[in-house]
Amino acid sequence: MTESNTQPTLESLAQDVALCRACPLGAGRTNAVFGEGNPKAELMFIGEGPGRDEDLQGRPFVGRAGQLLDKMIAAMGFRRDQVYIANVVKCRPPGNRTPLPDEAAACGNYLLWQIYLIRPKVIVLLGATAAHYLLNDQRGIMRLRGNWLDYQGIPVMPTYHPAFLLRQEAAKRDAWHDLQLVMKRLRE
Ligand code: URA
């Protein structure tokens, strides 16, 4: 965080993230991946962390999993630029491994500020890493998904990560069920 008593903005946070060395992942990145989308989005998606394509482009969910996320967003009746997309960690873990708890803790404040500043109506958590970090609930994603949970008064829906859905086509049905619950909530 830059040194000031004033509240950060998404722009100032993005600048901080670009220079961040709060954990070892910073040393291995090509680009930090802050997140992108509508700063006033009603719907926010939170993934795990950048993969290879995201690291190279500096944008979230632009690889194969991102293409599936784009389809999920479109099926919900949104354009990608209408929602906000972020990750728990902003720098790519080596070999796309799951971020370590220390790395998530070192990076997590950026995400918490993003949520605070965007104040979405609903958050969709993509996969276990996002669910475990934001909800501090260590149950498996199969247990968590499809249930409304709460983060600071914001309804949160955990569902499967699109990378998992690429490997487990059969789970798409459950994910679509979860997203339909989200669509219903957004209409209320
Ligand atoms: N997987 C994630 O969790 N986030 C991305 O940005 C890309 C792939």
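Start at 1 and go down the list; that is how both ligands and their atoms are numbered. Computed from a predicted model, the values in this text were never measured in an experiment.
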Report whether Val33 and Ile73 are members of the same hydrophobic cluster (ILVMFWY, side-chain heavy atoms less than 4.5 Å apart, transitive linking). no
Is there side-chain contact between Pro120 and Glu42, with at least one heavy-atom pair below 4.5 Å? no
Answer yes when Arg145 and Asp178 have at least one side-chain N-carboxylate O distance shorter than 4.0 Å, and no when they do not. yes
Protein contact to atom 4 (N) of ligand 1 [nearest heavy atom, distance to 0.1 Å]: Asn87 OD1, 2.8 Å
Pairs in or reaching into residues 161-188: which pass ring-ring contact (aromatic ring centres under 6.0 Å, His included), with residues at least two apart or in two chains? Phe61-His161, Tyr160-Phe164
For Gly47, the ligand 1 atoms with a heavy-atom partner under 4.0 Å come out as 3 (O)
Which residue pairs satisfy the salt bridge (Lys or Arg N to Asp or Glu O under 4.0 Å) criterion with at least one member in residues 126-140, sequence neighbours excluded? Asp137-Arg139
If you compare Ala65, Gly51, Gly49, Ala163 by their heavy atoms, the one closest to atom 5 (C) of ligand 1 turns out to be Gly49
Against ligand 1, does His161 come closer than 4.0 Å with any heavy atom? yes
Between Glu48 and ligand 1, which residue portion shows a heavy-atom distance shorter than 4.0 Å: side chain, backbone, both, or neither? both
